[in-house]
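This report concerns only the one structure given below.
Numbers for residues simply follow the sequence, beginning at 1. All values below come from the heavy atoms of this structure, side chains included, with hydrogens, waters and symmetry mates left out.
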Amino acid sequence: MYARSQKKDSPVVTQGQTLQMNEFAKGVYVSCLQLYQFRNYPFLQLDLPIKSGQVVLSGKNGTGKTNLLEALSFLGPGKGIRQAGFRHIVTQNSAVPCWRVRAVIQKGNEKTRLGCGFEPSCVKNNEKRQIQINEVNGLSQQDLASFCSVIWLTPSMDRLFSDDPAARRRFLDRLTQVFFPKHASFSAAYGNALRQWGKLIREGKSDHNWLSALEATLGRYGSKIAVGRRKTVALLQKILDGQNNSFPQASLFLQGGWEEELANMSEEEGQDFIKKRFLSVRGLYAQNGSTKGVHTVDLCAIHREKQISASSCSSGEQKALLISVLLAQVRAQVERKDFLPLVLFDEAMTHLDQRRREALLDEISTLKTQVWLTGTDPEIFQNLKKTAYFIAVDELARNIPDWAAVS
């Protein structure tokens, strides 16, 4: 029976506190994965040994390794590792434009059946996926977050620190949502109010009461977003400061989006500050169509040993810094939640030298949760041969039943 989680947002470590290990944090392990009309898989059922610590997917490019990780990424909140439109995920030439992902996950002795999928709606541009937990339908992404969270590393993130700031905000918001499950709904409410506010001003509609109500909404949710992000960065930094591995230490901080002012305010003070700021920039927005705000904040990082911006580092150093942050995220969940994330590393070895490849595999082997890895050559993962479950992905397509291949 599904029961809605009653947990409040997780507390976050503050200056001067020491981190306390949560001895009861459980790893998340997928024991069964079933796909229907998902990308290049008309049908797939993958059964795994109980509590496989690492799962290695190997095969040539284009065989469907990343597609499997994308399916797994839908076991947590969000739009998956590709951020793709749900309509574009359906198997090509499918008779029915829908897809489904189902899985059995295990945390300790508890088994949970998770499912999600997409079916076309009569509502234009509807991109909502259906979520099912233990056969109960119609659930929300916040419900899903109480059972499984997912973090991932993909090739498109290799130069995250020199990419567009929007990519770093999305990355930060995914990390923040783990500790503050309402963060996504706050962001959606803020974004909706911002669009309405901007439209009114662009159209020259000077309804002061309506604009004031929208500015109050922007203040209310903008302040909550800022607080959640700031606390998440503080927690990650605490973990990063205590990490002792072969990956470079990062100094993280937020920049822009009025963060410099908001950082010294309470949530209530920030709410009033944001509301007044939007009021003060109405005229400026009417002229140039843009304004600052929490929607423009940037996540920045410094390579601590070299004391240079992460954006100025080489591709290999940027990836090593990103891996360091992701490992800190896993350990942060050990400290602050009762379960760890499912970890998806797509082509994680690219741009890493041999020393760091071996260091990453060593780190992965110590994580008390399931880690999925992909690569064209399984020999890259030979250090995990004793503990990992290896899957030749090109063999999976050959085992699709005839009835599914022609559906």
What heavy-atom pair brings L236 and A332 nearest, and what distance separates the two atoms?
CD2-CB, 4.5 Å

Would you call the rings of W258 and F278 parallel, tilted or perpendicular if under 30° counts as parallel and over 60° as perpendicular?
perpendicular

Are R277 and E261 close enough for a salt bridge, meaning some N to O gap below 4.0 Å?
yes

So, does E335 use its side chain to make a donor-acceptor pair with the main chain of K337 at under 3.5 Å?
no

Will you find, in the side chains of Q237 and D241, an N or O donor that is under 3.5 Å from an N or O acceptor?
yes

If we count only N and O atoms by modelled type, under 3.5 Å, do the side chains of D346 and T374 hold a donor and an acceptor together?
yes

For L344 and L69, which heavy atoms make the closest approach, and how far apart are they?
CD1-O, 3.3 Å

Could D173 and R169 be called an ion pair, given the rule that one side-chain N must be under 4.0 Å from one carboxylate O?
no

What distance do T232 atom OG1 and H183 atom NE2 have between them, rounded to the nearest 0.5 Å?
7.5 Å

Do R39 and I89 come close enough that some side-chain heavy atom pair is under 4.5 Å?
yes

Side chain to side chain contact (heavy atoms under 4.5 Å, CB included), that's the test. Do T176 and V233 meet it? Break it down for me.
CA-CA 8 Å; T176 302; V233 170; over 6 Å; no

Would you give the length of the straight line joining atom CZ of R220 to atom OH of Y190, rounded to the nearest 0.5 angstrom?
13.0 Å

N-O pairing of R282 and E215 below 4.0 Å
yes

Are the side chains of F161 and F171 in touch, meaning some heavy atoms are under 4.5 Å apart?
no

Please determine whether a side-chain nitrogen of the Lys or Arg among R230 and E267 lies less than 4.0 Å from a carboxylate oxygen of the Asp or Glu.
no

For C313 and I308, work out which heavy atoms get closest and say how close.
SG-CD1, 3.8 Å

Please check this pair: side chain of T369 against backbone of V28, looking for a donor-acceptor N/O pair closer than 3.5 Å.
yes

Between R229 and E259 (salt bridge meaning N to carboxylate O under 4.0 Å), is one present in this structure?
no

Heavy atoms, side chains only, cut-off 4.5 Å: are V150 and L72 in contact?
no

Answer yes or no: is there a donor N or O on one side and an acceptor on the other, between the side chain of T376 and the main chain of K60, under 3.5 Å?
no

How about D143 and S140: does a side-chain donor come under 3.5 Å of a side-chain acceptor?
yes

Check each of N67, T154, T66 against R82 using the side-chain hydrogen bond (donor to acceptor under 3.5 Å, both in side chains) test, and report the only one that passes.
N67

At their closest point, which heavy atom of D158 faces which heavy atom of Q318, and how far apart are they?
O-CB, 3.7 Å

Sidechain-backbone polar pair: R168 side chain, L299 backbone, donor-acceptor under 3.5 Å
yes

Flag, side chain of Q37 to backbone of C98, donor-acceptor distance under 3.5 Å
yes

Under the side-chain hydrogen bond (donor to acceptor under 3.5 Å, both in side chains) criterion, do Q333 and S149 qualify, and how do the steps go?
CA-CA 10 Å; Q333 285 198 227; S149 64; 3.2 Å; yes

CG (L153) and CD1 (I323) are apart, to the nearest 0.5 Å, by 5.5 Å

What closest approach, in Å, do F381 and L373 show between heavy atoms, and which atom pair accounts for it?
CE2-CB, 3.9 Å

Answer yes or no: is there a donor N or O on one side and an acceptor on the other, between the side chain of D298 and the main chain of C300, under 3.5 Å?
no

Keeping the roles fixed (side chain from Q142, backbone from K182), state whether a donor-acceptor pair exists under 3.5 Å.
no

Beyond-backbone contact of R202 with K199, side-chain heavy atoms, under 4.5 angstrom:
yes

Can you tell me how far apart NZ (K79) and CD (Q141) are? Round to the nearest 0.5 Å.
10.0 Å

Between CD1 on residue I274 and NZ on residue K292, distance to nearest 0.5 Å
14.0 Å

With a 6.0 Å cut-off (strictly less than), is the heavy-atom count around CD of Q92, excluding the residue itself, greater than 12?
no

Counting N and O atoms only, with roles assigned by atom type, does the side chain of S251 sit under 3.5 Å from a partner on the main chain of R304, one being a donor and the other an acceptor?
no

Check whether R129 reaches the backbone of G78 with its side chain - one donor and one acceptor, N or O, closer than 3.5 Å.
yes

Parallel under 30°, tilted from 30 to 60°, perpendicular over 60°: which one fits the rings of F38 and W99?
perpendicular

Nearest heavy-atom neighbours spanning L262 and G257
CD1-O, 4.1 Å

T350 backbone acceptor or donor facing K319 side chain under 3.5 Å:
yes

Would you say S246 and R356 are linked by a side-chain donor-acceptor pair, where the criterion is simply a distance under 3.5 Å?
no

Look up atom NZ in K368 and atom OH in Y29, then write down how far apart they are to the nearest 0.5 Å.
7.5 Å

What class does the angle between the rings of Y285 and W197 fall in, given that below 30° is parallel, 30 to 60° is tilted and above 60° is perpendicular?
tilted

